[in-house]
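Model, not experiment: these values are computed from the prediction. A note on names: the letters A, B, ... follow the listed sequences, proteins ahead of strands, and every chain is numbered from 1.
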Amino acid sequence: MPGKLKVKIVAGRHLPVMDRASDLTDAFVEVKFGNTTFKTDVYPKSLNPQWNSEWFKFEVDDEELQDEPLQITVLDHDTYSANDAIGKVYIDIDPLLYSEAATVISGWFPIYDTIHGIRGEINVVVKVDLFNDLNRFRQSSCGVKFFCTTSIPKCYRAVIIHGFVEELVVNEDPEYQWIDRIRTPRASNEARQRLISLMSGELQRKIGLKVLEMRGNAVVGYLQCFDLEGESGLVVRAIGTVCTLDKLSNTSAFLPACNSPSKEMKEIPFNEDPNPNTHSSGPSTPLKNQTYSFSPSKSYSRQSSSSDTDLSLTPKTGMGSGSAGKEGGPFKTLLRQQTQSALEQREFPFFTLTTFPPGFLVHVGGVVSARSVKLLDRIHNPDEPETRDAWWAEIRQEIKSHAKALGCHAVVGYSESTSICEEVCILSASGTAAVLNPRFLQDGTVEGCLEQRIEEASPPGCGFCHIPYDELNMPFPAHLTYCYNCRKQKVPDVLFTTIDLPVEAIVIGKGCLIQARLCRLKKKAQAEANATSISNLLPFMEYEVHTQLMNKLKLRGMNALFGLRIQITVGENMLMGLASATGVYLAALPTPGGIQIAGKTPNDGTYEQHISHMQKKINDTIAKNKELYEINPPELPEEIIGSPIPEPRQRSRLLRSQSESSDEVTELDLSHGKKDAFVLEIDDTDAMEDVHSLLTDAPPPSGFYSCNTEIMPGISNWTPEIQMFTAVRVSRLGNINLTNQTLNKNFNDLCENLLKSLYFKLRSMVPCCLCHVNFTVALPEDELVQIAVTAVAITFDKNQTLQANKAPTEKSQQRASTDNEEQLQFPLELCPDPLASQPSLPAKEVLEGATSQTGIPAAQRDRCNSWIELIKLKAQTIRRGSIKTTASLDKTSPLAEGYLRHRSVPSCTNSTVSVVKMTPLSFLPGAKITKYLGIINMFFIRETTSLREEGGVSGFLHAFIAEVFAMVRAHVAALGGNAVVSYIMKQCVFMENPNKNQAQCLINVSGDAVIFVRESELEMLPVQPSTVVSQPTSSGGDVTT
Amino acid sequence: MTSDLDIFVGNTTLIDEEVYQLWLDGYTVSEAVSRRLRGGLLERSGTSVSVLQSDTRDHFRTFQMLERLLHSPPRLCQQLLFQIPPPRQAALIQGYYAFEPALARELLGKKLSKGTKKELDEVSARTGLSLRACRRQFDNFKRVFKAVEELKGPLAELIQQHFLLPPPLARDYAAIVFFANSRFETGKRRLQFLSFGDLAACAQHMMGHWTQGAMTPEAAEPDGDVPRSFLQDLKELKVLVSDKDLLDQHKSLVCSALRGKISVYNEMETNFKVLDPCRSDHWSLGDLRLFLGSYTTAPRALGGFRHQLLWERYMAGISACLLRMYHE
């Protein structure tokens, strides 16, 4: 009996009217954990009941504590008939199970009903007393910390990075059980919510056990996903990176690396290069391995005839071994051996991290990916989910072998995903092949010495770009040159990766979001025929996505992609591919050549004219983009250009018309003898369309930048003003006679319009950057395309960019005293909310606008100036009355470190609801994360049978997403936090049936709850950071009471 | 390719003041879009009409969801669904409860009933306000009226507390409630020249001088009513008019007190008490003030008049009102 869970139900507010006669409600609460249920008394005739219950105590195993959610149900007492449920709150008590996180959960939670949405709020306090467990064979893994963040969390140090951990659990989906035919939609939804909550608890516990086995104490980059396989069941799977983390005792001494990652941007002086265009190569540069496999049955997959390398430009020629460079050679070998030994013990040397401690990443090979098409069938024995395990194991093996082919022993920035349509499922995995520094992988390596040697061997700013494979025996054709930074090692001409831009990377200019979009029609088919046709289409899609990415990259004058994520979505009659990445210009890589258009019929005059017109347009666009993104690379002397490289085999467009058995691809030399530019062959109208579509991507309006990585290269002076948002669009592809071209155009327009409307909506934040722009595509029905975007807009200070550039000599000093500098950059920011920070100015404006329009006398208008203050006072007094009960609880809660400090700031005391920031990034600009409170992983279902009355599909989903945000914020606030970082909406499954006036939506979100403190406030505090903890608890009483 | 579903949800609720005003003014989405277009937004932001439509729809949907909360402003501040910075919340409330004085003038003193609501289309035609905006404002009056109807204490403060309104706006609402309660007929032709501002000020003076709240703060009766006891007492004052003796004495006392001080002395005798004659005789505001002061204090010297306190309380209210009303 190793744990005691204690729950107290304090009060409710804003409950819905349940008794029409009296316009009131007789509410009581059921508190359920596992199989035990407690009830409060009925609080009669009130919409704001004060239960003030005793402590309900549950004595439970810690295994149960990890698996089960606490379930709180608010009901309306009815003497004569069954009690009506008002709604529920599920509380994940996991954050209370490890010592460093929260110690109490206390606050107002929205009461949620799957049919009616949020119906009032309930105030709850939850505590856990854990006893020491002496049982060595325990099934629980309390104490293992989980982080969604894909980098080492800010207030920790990585002692060892152990490696990959994965697990999955399966179950029957309650929605598809026979009982679902006779129960209400509400009961069915609740059964599903509860089951998934249980399954994720179980999954997390099992992963925790593996972590303990590996002697780690934390999982970083934890990614948990659901596969709704319909009839065949429900799969919850997770991957992550096991680490041993050490809490940094003095957080204020810790440099906020996250906020100034791009400050390191340097401009390395180069000599003049008279001929900058001579070192670019053909199209075949995506460093990418791919596999497509399809196994018709659940058992062993056999690869289809059209499998991998021939199509994917990556012949599995020699393994990367032996020396690559001159000076670094022997050391590299040594390093490789060490890494190898460290990684060989592992089945899968994968890392879900995308950002690494300095020195961890030695070389990057390129993107590796694998996809496989499977037919789903019922999972017969949920306790033995071998089939699904085998599927993933197979894919991971592929990834591993691709990485080897690139001369790499590890895969970083690794992720897995699925796309399901009916009984067909595409499993995808991708990552970046890399060579890692063994120092972090093993215990007790001599740190200092090795680190020094690495820095000698490969300069930090370019080392990761140097090829890990053998240049004489390259895995794929590429154009190699000597590194433009150190000129000692070879680099490829283009680099694609799935990771974030390393902090130390030297970048020229700014980056930008690059997307490749593609649709392919497919015939409707059943079972195996369907799966076969899908797996036959996949290589073509993958190839075209890459061609598009490459073209768009060149069009922007850039040479590397980071954060590449390719999503292939399967629908009933089409496949959709969407690739997003952030393009940058790496100083270490050569300048990309232009794009050359070549016509097929050279004798036709008008055609020639047309071609030359297009060529001019392309050249203009490139020139414009270079200016826009400030890409002015220094020119290079000729002598270092080029090296003996294999003749690049140009295969630009030829695959389009090939049959899938492309083992004997006819090789066409499209280079026209010109090696200096990327050649686009215009051989048919399709190709023409493609060139056109290249040029339709409108650049963001001035003042806007966008990227899908954590940080935008070239921008460093962020202000604390952030706005996280989710936008969803569902479009109907009306036409019956759809062709690939019209589809492509529609899809392209849909994405472009969505981006445009985001820029318009956020125009008040200019100059601003959309960071971590994450698109997800779904094909919910025959003719419907759904796109969901989550991103964060961050305002930056334009003037200071110039300043920073003007004073490059001070950079070393700047870095040494980052804290001081930060303070200068983020002027005293007293209010925790971004919008509050621009004082009441806009409000006054609207006020004046309104008054002058409505003709209220001028005298009144003058009096209005002080009314906001008065309202503040009012709000405060009201609050004093209403949350008296929580005030005393706040004292015992762990709302330490800055959380209360924010409340104590006078300008914010008027708010009864504490502000909770949300961001998909792992950091908050201008702030320091002082504590991680635990993982947030929530799953909600919402259903309606009165779609029109709720404002149609838009009204329905708008309200639901707002509700999801509200519930996330409430949970974070109850844990004592003031922000969610690494927030992600992993799933948004929306289904509608307008004829029946019905709709249903499932949303799954996750993130890390944290406490942050503004850097400007940290500066104002006394030197010892420990006082921060005690201060607010003592003063907290006065503030909140 | 048509968009069936198109939404944008920010962690901090995005509010566009311009669109909010258009929504408050009662425009439909398409009307609002064309208004925004006319404002030159397209040129300034370089976007497309479809983007503008989607943006407007989104804002309108947000406002519709917020409307329920705006009906009870303290809830807007407590709710968890929309994260809105407090200054922005205050602006939303203020905008929602702001009203067109012309509309308020029309409704002043009328019963805030369904019948009155049905007449709003006429009001809409007269004031140039859209019917939707008229209805919202009418509903606001009614909501505020209902909320404070049964409560005790100073009206303006009660309204401020329950609706978190800025004090000047709360005072205006107090006036509306006062008139709705006491059903003064402000629609009479002779009173047409008075604006809402005039009448609101009068209401404040009457409340200030005559209501229970003004006498004892812990009054038992709501502030919107002039207490019955006071009205009863006023009957006693009739002696000043009905008793010929007293009337004459009173008149002569006032006259003697003011002799030489008022430029229009000659006419004064004849126009005891009524406003219109004063105006036709071109009294100055100062003259009127002197006259009323003297008129109030004079009965102190009258023998047999025992209601001096009551009289002065009555006259304080009347004087303030008359002074406010006395303009062109």
[atom2] on [Y] to [atom1] on [X], rounded to 0.5 Å:
{"X": "A:R13", "Y": "B:L80", "atom1": "CZ", "atom2": "CG", "result": "5.5 Å"}
{"X": "A:I787", "Y": "B:L5", "atom1": "CD1", "atom2": "CG", "result": "12.0 Å"}
{"X": "B:L81", "Y": "A:H14", "atom1": "CG", "atom2": "NE2", "result": "12.5 Å"}

How far apart are the closest heavy atoms of [X] and [Y], and which atoms are they?
{"X": "B:V9", "Y": "A:F965", "result": "O-CE2, 3.5 Å"}
{"X": "A:E121", "Y": "B:Q78", "result": "OE1-O, 4.1 Å"}
{"X": "A:S954", "Y": "B:D4", "result": "OG-O, 3.7 Å"}
{"X": "B:S54", "Y": "A:R729", "result": "OG-NH2, 3.4 Å"}
{"X": "B:D58", "Y": "A:H958", "result": "O-CE1, 4.1 Å"}
{"X": "A:S757", "Y": "B:V51", "result": "CA-CG1, 3.7 Å"}

Select one option (side chain, backbone, both, neither) describing which atoms of A:A959 are under 4.5 Å from chain B's heavy atoms.
both

Check each atom of A:Y983 against the heavy atoms of chain B and say whether the ones under 4.5 Å are side chain, backbone, both or neither.
neither

CA sep, side-chain torsions, deciding dist, call: A:I118, B:Q79, side chain to side chain contact (heavy atoms under 4.5 Å, CB included)
CA-CA 10 Å; A:I118 291 179; B:Q79 54 83 33; over 6 Å; no

Chain B interface, residue from A:T726, A:L784, A:V728 that has the most non-hydrogen pairs under 4.5 Å
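Max contact count across the listed options: A:V728.
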
Test log, rule side chain to side chain contact (heavy atoms under 4.5 Å, CB included), inputs B:I7 and A:F960
CA-CA 11 Å; B:I7 56 158; A:F960 184 34; over 6 Å; no

Counting heavy atoms not belonging to B:R135, are there more than 12 under 6.0 Å from its CZ?
no

Toward chain A, the part of B:L24 with a non-hydrogen atom under 4.5 Å
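Neither part; nothing is under 4.5 Å.
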
Portion of B:D16 that has a non-hydrogen atom of chain A nearer than 4.5 angstrom
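When you check distances to chain A, only side chain atoms of B:D16 fall under 4.5 Å.
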
Checking A:Q723, A:E721, A:M724, A:K917 against B:T12 for side chain to side chain contact (heavy atoms under 4.5 Å, CB included), the one that qualifies is A:Q723

Starting from the C-alpha separation in whole Å, work towards a yes-or-no answer on side chain to side chain contact (heavy atoms under 4.5 Å, CB included) for A:F760 and B:L52.
CA-CA 8 Å; A:F760 180 73; B:L52 207 59; 3.3 Å; yes

Answer yes or no: is there a donor N or O on one side and an acceptor on the other, between the side chain of B:N11 and the main chain of A:V916, under 3.5 Å?
yes

